[in-house]
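A quick write-up on the structure given underneath.
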Protein chains: 4
Amino acid sequence: MAKQPRADARRNRARVLEVAAEVFATDGLSVPVHEIARRAGVGTGTVSRHFPTKQELFAAILLQRLEQLIAEAELLAEEQEPGPAFFTFFATLIREGAANRGLAEALAGGGYDLESAAETAGLDLTGGLSALLTRAQEAGSVRPDVDYADVKALMNGCLTRTGAGTGTDPEADAAALDHLTAVVCDGLRSRAGSAID
Amino acid sequence: MAKQPRADARRNRARVLEVAAEVFATDGLSVPVHEIARRAGVGTGTVSRHFPTKQELFAAILLQRLEQLIAEAELLAEEQEPGPAFFTFFATLIREGAANRGLAEALAGGGYDLESAAETAGLDLTGGLSALLTRAQEAGSVRPDVDYADVKALMNGCLTRTGAGTGTDPEADAAALDHLTAVVCDGLRSRAGSAID
Amino acid sequence: MAKQPRADARRNRARVLEVAAEVFATDGLSVPVHEIARRAGVGTGTVSRHFPTKQELFAAILLQRLEQLIAEAELLAEEQEPGPAFFTFFATLIREGAANRGLAEALAGGGYDLESAAETAGLDLTGGLSALLTRAQEAGSVRPDVDYADVKALMNGCLTRTGAGTGTDPEADAAALDHLTAVVCDGLRSRAGSAID
Amino acid sequence: MAKQPRADARRNRARVLEVAAEVFATDGLSVPVHEIARRAGVGTGTVSRHFPTKQELFAAILLQRLEQLIAEAELLAEEQEPGPAFFTFFATLIREGAANRGLAEALAGGGYDLESAAETAGLDLTGGLSALLTRAQEAGSVRPDVDYADVKALMNGCLTRTGAGTGTDPEADAAALDHLTAVVCDGLRSRAGSAID
DNA sequence: TATGAATGAGGGTTCATTCAT
DNA sequence: CATGAATGAACCCTCATTCAT
């Protein structure tokens with residue numbers, strides 16, 4: 001059992017995480033580190049000490065969130081029927097991403113390779129979602145010819161809807177996003193053949 | 001007899017466009033202008049002469065491509081039934097974007113406002129796709145409760161599938177993309193109600 | 001007890017100011033920021049940190065000097081008769097500008113809008129000099145048909161005398177400048193009619 | 001007698017001179033060479049062929065003007081009394097400079113050493129003005145304790161009045177300039193002692 | 001450990017001058 | 001000769017990272 005870091009160090013680390021999460025969520029991953037330090041009320045050096053690289057800060061933020069999401073996935077897997085579990089989780093991810101610009105950027109692959117970071121960290125979003133997907137497919141709730149990558153792509157697509165609709169009515173945006181989510185879920189459920197008419 | 005620009009200038013301009021198109025397609029819109037100049041074997045000033053601003057270089061490349069695509073859209077609108085016209089064009093856009101990281105970034109809105117650039121240039125991708133969509137909906141080939149933004153979002157989503165394709169087997173990637181496209185088209189076609197089961 | 005900036009930062013800032021003041025005084029406002037950094041023995045980023053913009057560096061140097069000069073003007077206004085107060089201050093400005101190419105450039109309006117920068121900073125050179133002028137005119141020490149712009153122009157004129165002084169004998173230059181200043185002051189004092197004879 | 005350049009070359013040279021004179025007069029010496037070529041309807045290479053360096057273009061323009069002015073000075077010297085000759089020429093220079101931003105910049109020493117260029121070219125503005133000045137001083141029309149450099153400085157001063165008054169009423173500007181000129185002439189005429197009151 | 005100042009490479013753009021056509 | 005495209009150094013500014021205090 002490793003020695004605990006000093007209490008103030010732990011507090012600072014937590015504070016940086018908290019602020020960075022907010023800032024990345026609001027403004028995306030390209031916010032200068034400097035800005036995060038400023039808002040957290042610490043020096044830039046403090047950020048760098050805890051997260052030697054901006055990428056590592058991304059990882060800490062995003063993987064932390066991912067971990068919670070995976071936990072939710074597991075809970076859903078236990079508590080609900082395969083179909084609803086999958087669809088609920090899918091919608092959750094989308095709402096999450098819509099509320100979190102940085103997460104959306106990372107999921108879309110822009111400028112930060114979340115997937116491999118997760119893998120390195122031993123997290124398995126892929127696994128969590130994959131498991132839900134597979135079960136839903138086995139239960140016949142989701143068409144069998146889609147895979148994890150497809151689902152992720154559809155999720156990313158939904159997320160770009162939000163990006164575009166800035167400056168208008170946030171409630172309308174949210175409604176439109178929910179509607180699109182529903183449409184996509186419909187598509188995933190449908191068992192139709194797929195010739196192009 | 002219009003006054004032609006000098007032959008060597010045309011060659012260089014073409015070379016810059018060609019190289020930039022390649023580089024943007026491969027590496028995205030954030031490659032330094034300097035790098036494009038280097039690969040084209042010209043000085044940075046030469047790039048700036050032909051395209052005074054990086055944005056104008058984007059425009060030259062992307063709008064040229066867009067123009068062709070819009071022409072295709074119009075052709076399809078004339079020659080095919082509403083449904084197939086829409087779905088074919090949708091698939092075309094996706095294949096195009098998948099082969100072109102820069103285009104995909106621009107379509108997704110990251111770092112370059114393609115939409116308004118197109119508008120300025122008198123191009124109307126929105127209009128082209130919108131028209132196809134509306135007609136397909138009127139013909140009953142596409143569910144009536146999706147709009148242009150939804151379609152664009154789904155397109156963007158498909159495009160992120162490629163991004164993830166970790167370079168293993170390009171043919172498999174292309175096949176997977178086509179499959180996803182087909183799935184999405186299915187979804188757009190389905191007339192089902194949309195309760196989350 | 002106000003929070004002091006760090007000692008080394010203060011030293012560097014001071015060093016940059018000092019070097020920049022020297023360099024601008026000697027070589028004018030068009031010296032590259034890079035050069036100032038080099039001579040100060042710091043990186044370009046250090047200059048930018050303290051003075052985010054070249055203009056702000058100008059401001060820091062010139063307004064500081066201006067502030068002192070305005071204070072002098074106010075002191076003179078209180079302690080001396082209107083005439084001497086005005087003429088002394090006028091001569092002071094000229095000597096100052098003669099020793100400071102950057103200040104002279106800024107006063108002449110070349111490349112940096114000192115006037116409006118001063119206004120923004122709450123400084124009012126115009127006001128200071130204007131007030132002295134008006135009072136001297138009311139006291140009958142300065143001919144009533146000149147205005148602030150005239151005075152400023154005459155000052156600028158005197159300053160170009162130095163510019164020409166081809167480096168031969170600095171003492172002789174200074175003497176010549178003082179003499180010219182005296183001549184101009186004579187002219188401002190004279191009450192004669194002004195037909196061109 | 002050297003061989004004449006080709007007729008079209010002579011025409012081009014003349015055209016460039018003409019346009020450059022206009023442009024420098026209007027916009028100052030910092031206009032890009034490119035812009036002059038463009039307005040003259042020639043290639044940049046043509047400008048460079050005739051005037052290998054921007055400085056040489058300055059010289060050609062400004063010295064040509066200077067030559068005319070010197071001729072005027074000589075004419076005045078012959079045809080008028082010493083005093084009026086001097087004052088008239090002085091006023092002429094000022095009006096010239098006020099109408100010619102480039103000339104004013106050069107006279108003020110900003111970015112181009114007109115004086116030494118003139119010397120190199122065998123022109124002697126100094127001489128022309130100096131001669132007028134000396135004669136006027138000998139005739140008792142100008143105070144004896146000013147020299148050529150003083151006069152030039154006063155002229156430059158007058159010229160900065162114009163620079164400042166942009167954007168308002170051009171006629172008022174011209175009137176103010178004439179008034180200032182008259183004031184300065186008064187000062188040059190005055191025989192008063194010059195203690196600072 | 002925390003700080004935040006220092007660093008310096010890297011970005012896009014401009015322009016006097018050169019040189020192939 | 002004329003052309004104007006090509007050049008590339010120079011400019012100012014940004015920011016992730018390092019390191020003296």
Side-chain angles (χ1 to χ4, degrees), chain A residues 5-13 16 30-38 41-55 57, chain B residues 5-13 16 30-37 40-57, chain C residues 5-13 16 30-35 37 40-55 57, chain D residues 5-13 16 30-38 41-55 57:
Chain A
R6 263 167 38 183
D8 59 345
R10 279 221 316 277
R11 254 199 319 274
N12 268 336
R13 190 183 196 294
V16 167
S30 64
V31 204
V33 170
H34 173 82
E35 176 66 12
I36 290 164
R38 196 183 62 74
V42 303
T44 62
T46 301
V47 176
S48 284
R49 159 172 299 273
H50 291 294
F51 311 97
T53 271
K54 204 186 184 186
Q55 304 264 333
L57 180 55
Chain B
R6 245 163 56 181
D8 58 346
R10 277 225 313 280
R11 246 194 331 271
N12 263 332
R13 187 180 202 279
V16 168
S30 66
V31 275
V33 169
H34 175 82
E35 174 67 10
I36 289 164
V42 302
T44 67
T46 300
V47 177
S48 283
R49 154 177 284 271
H50 291 296
F51 310 99
T53 274
K54 203 189 186 185
Q55 304 260 335
E56 291 180 56
L57 181 53
Chain C
R6 244 166 55 183
D8 58 346
R10 276 226 314 278
R11 248 196 328 272
N12 263 333
R13 188 180 201 280
V16 168
S30 66
V31 276
V33 169
H34 174 80
E35 175 67 11
V42 302
T44 68
T46 300
V47 177
S48 283
R49 153 178 284 272
H50 291 295
F51 311 98
T53 273
K54 204 189 184 185
Q55 306 259 335
L57 182 52
Chain D
R6 262 167 38 182
D8 59 344
R10 280 219 315 276
R11 254 199 320 275
N12 268 335
R13 196 186 135 88
V16 168
S30 65
V31 201
V33 170
H34 175 83
E35 175 66 12
I36 289 163
R38 195 184 61 75
V42 302
T44 63
T46 301
V47 176
S48 284
R49 158 172 300 275
H50 291 295
F51 311 96
T53 272
K54 203 185 184 185
Q55 305 263 333
L57 181 55

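Being a predicted model, the structure only gives us computed values, none of them experimental.
- Contact detail for A:Val31 and A:Lys54: the closest heavy-atom pair is O-NZ, 2.9 Å.
- Taken from CZ in C:Arg10 to CG in C:Asn12, the straight-line distance is 12.0 Å, to the nearest 0.5 Å.
- The side chain of A:Asn12 places no N or O atom within less than 4.0 Å of a non-bridging phosphate oxygen (OP1 or OP2) of E:dT1.
- Shortest non-hydrogen contact noted between B:Glu56 and B:Phe51 is O-CD2, 4.1 Å.
- Closest to the side chain of C:Asp8, from the set F:dC12, E:dA16, F:dT21, is F:dT21.
- Residues B:Ile36 and B:Val42 fail the side-chain proximity criterion, which asks for heavy atoms closer than 4.5 Å.
- If you find the closest nucleotide of DNA chain F to C:Arg11 and to A:Pro32, the one lying nearer the 5' end belongs to A:Pro32.
- Here the CZ-NE2 distance, from B:Arg49 to D:His34, works out to 7.0 Å after rounding to the nearest 0.5 Å.
- Whole-Å rounding puts the B:Gln55 CD to E:dG11 C1' distance at 14 Å.
- DNA chain F is contacted by A:Thr44, A:Ser48, A:Thr53 of residues 42-53 of chain A, taking any non-hydrogen atom closer than 4.0 Å.
- Note: CZ (C:Arg13) to P (E:dG4) measures 16 Å, nearest angstrom.
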Dot-bracket pairing map - DNA chain E, Watson-Crick plus G-U, both contacts under 3.5 Å, | cross-strand: .||||||||||||||||||||

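- When each of D:Ser30 and B:Val31 is assigned the nucleotide of DNA chain E with its nearest heavy atom, B:Val31 is the one assigned upstream, toward the 5' end.
- We find that NE2 of D:His34 is positioned 17 Å from P of F:dT7, with the value rounded to whole Å.
- As a whole-Å value, the separation of B:Ile36 CD1 from E:dG12 C1' is 12 Å.
- Shown here for D:Ala37 and D:Val47, the closest heavy-atom pair between the two residues is CB-CG2, 3.8 Å.
- Atom pair D:Leu57:CG and E:dT17:C1' shows a separation of 14 Å (rounding to whole Å applied).
- In this structure, D:Asp8 and D:Arg11 have side chains that are in contact, with non-hydrogen atoms separated by less than 4.5 Å.
- Distance CD (B:Glu35) to P (E:dA9): 18 Å, rounded to an integer number of Å.
- Atom pair D:Lys54:NZ and E:dA16:C1' shows a separation of 8 Å (rounding to whole Å applied).
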